[in-house]
Amino acid sequence: MPELPETETIARDLDRAVAGAVVSGVTVTHADVLRETTPADLAVRLVAARIRRSWRRAKLIVLDLSTAEHLVVQPRFTGALLVDSGALALAERRYTALALHFVDGRTLHYRDIRRLGTVALMGPDRFATYTAGIGPEPLDPTFTADALRTVLSRSGQAVKKVLMNQRQVAGVGNIYATESLWRAGIDPSRSARRVAAAEAQALRRALIDVLSEAIEARGTSFRDYRDAHGERGSFGDHLAAYGRAGLPCPRCQSRLVGTHAVDGRMTVFCPRCQR
DNA sequence: AGGGGAACCCGTACGC
DNA sequence: TGCGTACGGGTTCCCC
């Protein structure tokens, strides 16, 4: 389940690997991952295009093309982008849904075991509209405490749910919402608009710190996540709350509680130091 | 507006 | 051993 740090890791690795590569062909083996395009249309629009760069927006990997179009990959749970220079094992290619072949002989696989992930091809206008609907990037300088407070004040929903809503804040999912709320000492179920200014400031700090540290660690490998080299991230060793229900809170030693009460998603928090 | 539920998909875990 | 079924998980969409 790649969130912001995992997606950032993939996008950076991919940028090093395939920026400048020119597409020579496209193979679609599972068309159901495609959005806003078809296999035939994809081939027409991608062949001869050069990949300008690979970057991240929210939990999306965006490949900018020389045609001014954008290939937008949303890996969801099991999606992965793997660069094959000829050494990729057959088992790794088994779940390829889409492959871009490059003039230099390499292949970029979009592999997705459960195929809930998506790949869309968007023109510049469509891409602009699409990204305009996504909330601010937490690591952007414009994501100030005031900006976060404005977002939170607009909703009476649980603060954790608001953090995870991509229209409100970009790139934050269950792991990093859980961790940042633990660090900020805020109960995940508390109404967003009841988060005070000082708390919003602490929450902003916690989000930025947690996400930055996780990028440094190349992400958290829970279940299937692997980076573009097939490697795991190491931030899992630093999680204080996520996945630790029943274990002692690292801050106050109280027993961490796991609940599905917020948005039907597993939430772990410390009932003593998160209020 | 906000809440609930379904759909998307298939490996994994489990029951028999 | 094998077959059948429930489950999870982020996002979107639909309905109340």
Side-chain angles (χ1 to χ4, degrees), chain A residues 1-8 10-11 28-38 56-62 72-81 89-98 109-120 122 126-127 129-135 137-138 150-181 188-195 211 214 219-226 230 233 236 239 242-243 245 258-268:
Chain A
M1 52 196 93
E3 300 182 27
L4 188 154
E6 295 76 25
T7 313
E8 180 71 30
I10 296 168
V28 179
T29 36
H30 289 288
D32 56 5
V33 304
L34 298 180
R35 294 294 183 277
E36 313 190 19
T37 183
T38 62
R56 180 196 61 77
R57 169 80 168 111
K59 301 176 191 173
L60 310 166
I61 295 143
V62 182
V72 180
V73 178
Q74 189 169 58
R76 300 266 175 103
F77 316 106
T78 54
L81 287 161
L90 191 63
E92 292 287 309
R93 280 177 286 165
R94 184 163 150 217
Y95 295 103
T96 292
L98 167 70
H109 294 260
Y110 176 65
R111 179 192 69 177
D112 195 341
I113 297 169
R114 297 191 195 168
R115 294 210 307 280
L116 280 175
T118 61
V119 178
M122 302 183 190
R126 166 64 184 139
F127 182 73
T129 307
Y130 181 73
T131 52
I134 302 173
E137 286 289 334
T150 302
V151 165
L152 297 178
S153 68
R154 284 198 299 250
S155 172
Q157 297 193 330
V159 56
K160 177 166 181 258
K161 187 173 178 180
V162 175
L163 286 185
M164 290 172 61
N165 183 338
Q166 300 305 296
R167 302 189 69 82
Q168 319 275 7
V169 181
V172 178
N174 206 7
I175 297 175
Y176 300 104
T178 297
E179 287 302 294
S180 55
L181 287 164
S189 67
R190 185 160 18 131
S191 166
R193 72 166 66 98
R194 299 229 173 101
V195 173
L211 294 170
T220 302
S221 287
F222 218 73
R223 307 197 181 188
D224 321 81
Y225 167 73
R226 298 294 184 276
L239 295 175
Y242 185 84
T259 170
H260 280 88
V262 181
D263 201 23
R265 308 289 313 286
M266 173 49 81
T267 298
V268 182

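In the text below, chain A, chain B and the rest are named by the order of the sequence lines, each starting its count at 1.
In this structure, CG of A:N165 is placed 14 Å from C1' of C:dC13, rounded to the nearest angstrom. Taking atom NZ of A:K161 as the reference point, atom C1' of C:dT11 lies 12 Å away to the nearest angstrom. Taking atom NZ of residue A:K59 and atom C1' of nucleotide C:dG9, one finds them 10 Å apart after rounding to whole Å. If you take NZ of A:K160 and C1' of C:dG9, they are 12 Å apart, rounded to a whole angstrom. What separates CG of A:L116 from P of B:dA6 is a distance of 16 Å, to the nearest Å. Rounded to an integer number of Å, the gap from A:D112 CG to B:dC8 C1' is 11 Å. Distance, A:R57 CZ to C:dT11 C1': 16 Å, rounded to whole Å.
Set against C:dT11, B:dG11, B:dG2, the side chain of A:I113 has B:dG11 as its closest nucleotide. Which of B:dC9, C:dT11, B:dG2 sits closest to the side chain of A:R115 comes down to B:dC9. The side chain of A:R76 lies closest to C:dT11 when the candidates are C:dG8, B:dG11, C:dT11. In the set B:dG3, B:dG11, B:dC10, the nucleotide with an atom closest to the side chain of A:Q157 is B:dG3.
A donor-acceptor contact shorter than 3.5 Å links the side chain of A:E179 to the backbone of A:Y242.
Heavy-atom distances to DNA chain B give each of A:R94 and A:R193 a nearest nucleotide, and the one nearer the 5′ end belongs to A:R193.
At the phosphate of B:dG11, OP1 or OP2 sits under 4.0 Å from a side-chain N or O atom of A:Y95.
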